[in-house]
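What follows is a single structure, written as structure tokens, with notes after it.
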Amino acid sequence: MIRLHENASRILILGGTTEASQLAARLAGRPDLVAISSLAGRLKQLVLPPGAVRIGGFGGVDGLVSYLVSNRISLVVDATHPFAATMSSHAEAACEQLEIPLIVLERLAWKAEEEDQWHCVPDLESAAALVNFTENRVFLSVGRQELAVFSNCEAAWFLIRAIDPPAESLPPRSKLILQRGPFHLIDELELLRRDSINYLVTKNSGGTATYPKLQAARRLGIPVVMVDRPLRRITPAVTNLEVLLERVEEYL
Ligand code: NAP
């Protein structure tokens with residue numbers, strides 16, 4: 001049993017990413033702090049990070065403010081996904097209001113290599129307009145939540161990959177596969193070849209777990225429609241877990 005120091009700092013980790021879980025694992029079990037991971041609770045098969053976990057939205061900025069106060073949180077780490085723009089801006093607003101320090105962890109964006117054929121677009125709507133032609137067989141790897149953007153794409157054929165079954169109606173010409181990463185190059189090559197894919201649509205999530213699809217597209221000469229990250233915040237981000245841990249130590 002761990003005996004907590006009576007003045008243990010209480011840290012809220014806004015999670016839903018591999019990096020957030022890694023951070024929770026590194027902080028779990030320390031007697032000088034309590035780290036609580038927060039998940040939105042979108043996935044049916046949740047993989048819980050180590051340590052204390054809370055699940056579900058806070059109820060906007062006001063809800064987050066009252067959570068931070070009632071749970072005596074003294075530091076917030078925003079380690080959400082680069083596309084989780086609303087949660088990040090709520091974290092900024094709530095921390096500013098309460099004058100609680102906020103550290104942001106954001107993985108680096110992927111960068112195109114010389115042989116890559118990337119078409120960068122600002123949003124999923126632009127991606128849908130770019131690929132929706134009859135000759136296209138599109139691997140759509142953008143998660144489950146925003147698939148509605150593609151539901152009226154009647155011309156192209158789509159191979160859609162998600163972790164859980166999507167709630168939205170899928171494009172009329174499509175096939176759904178349910179898989180959770182990390183993925184491997186050999187399997188991604190097979191996936192793209194098997195359905196004669198000639199376009200890949202993805203968000204610029206960064207990280208290693210889903211990068212092999214880009215390596216496979218490069219190898220097969222398949223063009224990629226890359227959805228750029230939304231502008232999320234003003235607080236500068238650290239991109240590395242070790243640097244983040246140093247910053248956490250500075251605050252403790
Ligand atoms: P979002 O659009 O920024 O957030 C929408 C609302 O969901 C927030 O206002 C908040 O509700 C709630 N929420 C989001 N993240 C939360 C968290 N970590 N803990 C508690 N509540 C949270 O977020 P999203 O893009 O839907 O992403 C949801 C979660 O999935 C995030 O934790 C993110 O890290 C993870 N994720 C997202 C993506 C992606 O592509 N967007 C990919 C992989 C993982 P309230 O306003 O009620 O507080």
Side-chain angles (χ1 to χ4, degrees), residues 11-24 35-49 51-71 73 75-95 97-98 102-110 121-125 127 140-150 160-164 166-168 178-183 201-211 213 225-233 235 237 239 241 244:
I11 301 177
L12 178 67
I13 304 171
L14 298 170
T17 57
T18 310
E19 293 80 359
S21 298
Q22 288 169 343
L23 174 64
I36 305 165
S37 295
S38 174
L39 303 177
R42 301 262 196 278
L43 293 178
K44 283 211 180 90
Q45 298 161 36
L46 281 178
V47 178
L48 295 182
V53 180
R54 66 160 301 285
I55 297 171
F58 297 94
V61 177
D62 291 346
L64 180 56
V65 164
S66 29
Y67 178 88
L68 296 175
V69 172
S70 56
N71 286 276
I73 301 296
L75 172 64
V76 177
V77 177
D78 175 7
T80 54
H81 190 270
F83 280 79
T86 308
M87 188 67 251
S88 285
S89 70
H90 289 182
E92 254 183 353
C95 288
Q97 199 173 315
L98 296 172
L102 169 69
I103 313 178
V104 179
L105 175 65
E106 183 172 276
R107 49 174 101 135
L108 288 172
W110 292 317
V121 293
D123 47 42
L124 287 168
E125 286 77 6
L140 189 54
S141 172
V142 296
R144 173 181 65 105
Q145 291 183 63
E146 294 153 293
L147 285 173
V149 173
F150 293 84
I160 298 169
R161 180 164 69 190
I163 297 178
D164 283 331
E168 287 90 0
L178 300 179
Q179 285 178 343
R180 186 196 284 267
F183 300 104
V201 177
T202 179
K203 297 177 183 175
N204 196 335
S205 300
T208 53
T210 59
Y211 188 66
K213 66 187 170 192
V225 179
M226 182 63 73
V227 181
D228 286 333
R229 294 176 171 193
L231 285 177
R232 305 212 280 167
R233 61 169 81 81
T235 313
T239 54
L241 185 61
L244 175 81

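We count residues from 1, following the sequence as given. Bear in mind the structure is a predicted one, so any value in this text is a computation, not a measurement. Whatever order the structure lists ligands and atoms in, that order sets their numbers, starting from 1.
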Pairing residues for Glu106 by the salt bridge (charged side-chain N to carboxylate O under 4.0 Å, His left out) criterion, not counting sequence neighbours
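By the salt bridge (charged side-chain N to carboxylate O under 4.0 Å, His left out) rule, Glu106 matches Arg229, Arg232, Arg233.
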Counting C-beta onward and ignoring hydrogens, is there a side-chain heavy-atom pair between Ser38 and Phe58 closer than 4.5 Å?
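The answer is yes, as the side chains (C-beta and beyond) meet within the 4.5 Å cut-off.
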Can you tell if the side chain of Leu64 reaches within under 4.5 Å of the side chain of Met87, non-hydrogen atoms only?
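In short, these two side chains touch, coming nearer than 4.5 Å.
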Give, for atom OG1 of Thr239 and atom CG of Leu105, the distance between the pair rounded to the nearest 0.5 Å.
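Taking OG1 in Thr239 and CG in Leu105, the distance rounds to 8.0 Å.
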Is there a donor-acceptor pair under 3.5 Å between the side chain of Asn204 and the backbone N or O of Trp110?
yes
For the pair Thr80 (side chain) and Leu14 (backbone), establish whether a donor and an acceptor sit closer than 3.5 Å, ignoring hydrogens and angles.
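No; zero donor-acceptor contacts below 3.5 Å.
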May I have every N or O pair linking ligand 1 to the protein at under 3.5 Å, one per line with atom names and distance?
unit_1: ligand 1; atom_1: 3 (O); unit_2: Ala84; atom_2: O; d: 3.2
unit_1: ligand 1; atom_1: 3 (O); unit_2: Ala85; atom_2: N; d: 3.4
unit_1: ligand 1; atom_1: 3 (O); unit_2: Thr86; atom_2: N; d: 3.0
unit_1: ligand 1; atom_1: 3 (O); unit_2: Met87; atom_2: N; d: 2.8
unit_1: ligand 1; atom_1: 7 (O); unit_2: Arg42; atom_2: NH2; d: 2.9
unit_1: ligand 1; atom_1: 18 (N); unit_2: Ser38; atom_2: O; d: 3.0
unit_1: ligand 1; atom_1: 19 (N); unit_2: Ser38; atom_2: OG; d: 2.7
unit_1: ligand 1; atom_1: 26 (O); unit_2: Arg42; atom_2: NE; d: 3.3
unit_1: ligand 1; atom_1: 26 (O); unit_2: Arg42; atom_2: NH2; d: 2.9
unit_1: ligand 1; atom_1: 26 (O); unit_2: Gln145; atom_2: OE1; d: 3.3
unit_1: ligand 1; atom_1: 32 (O); unit_2: Gly15; atom_2: O; d: 2.7
unit_1: ligand 1; atom_1: 34 (O); unit_2: Gly15; atom_2: O; d: 2.8
unit_1: ligand 1; atom_1: 34 (O); unit_2: His81; atom_2: N; d: 2.9
unit_1: ligand 1; atom_1: 40 (O); unit_2: His81; atom_2: ND1; d: 3.4
unit_1: ligand 1; atom_1: 40 (O); unit_2: Lys203; atom_2: NZ; d: 2.8
unit_1: ligand 1; atom_1: 46 (O); unit_2: Gly60; atom_2: N; d: 3.1
unit_1: ligand 1; atom_1: 47 (O); unit_2: Phe58; atom_2: N; d: 3.3
unit_1: ligand 1; atom_1: 47 (O); unit_2: Gly59; atom_2: N; d: 2.9
unit_1: ligand 1; atom_1: 48 (O); unit_2: Phe58; atom_2: N; d: 2.7
unit_1: ligand 1; atom_1: 48 (O); unit_2: Gly59; atom_2: N; d: 3.3

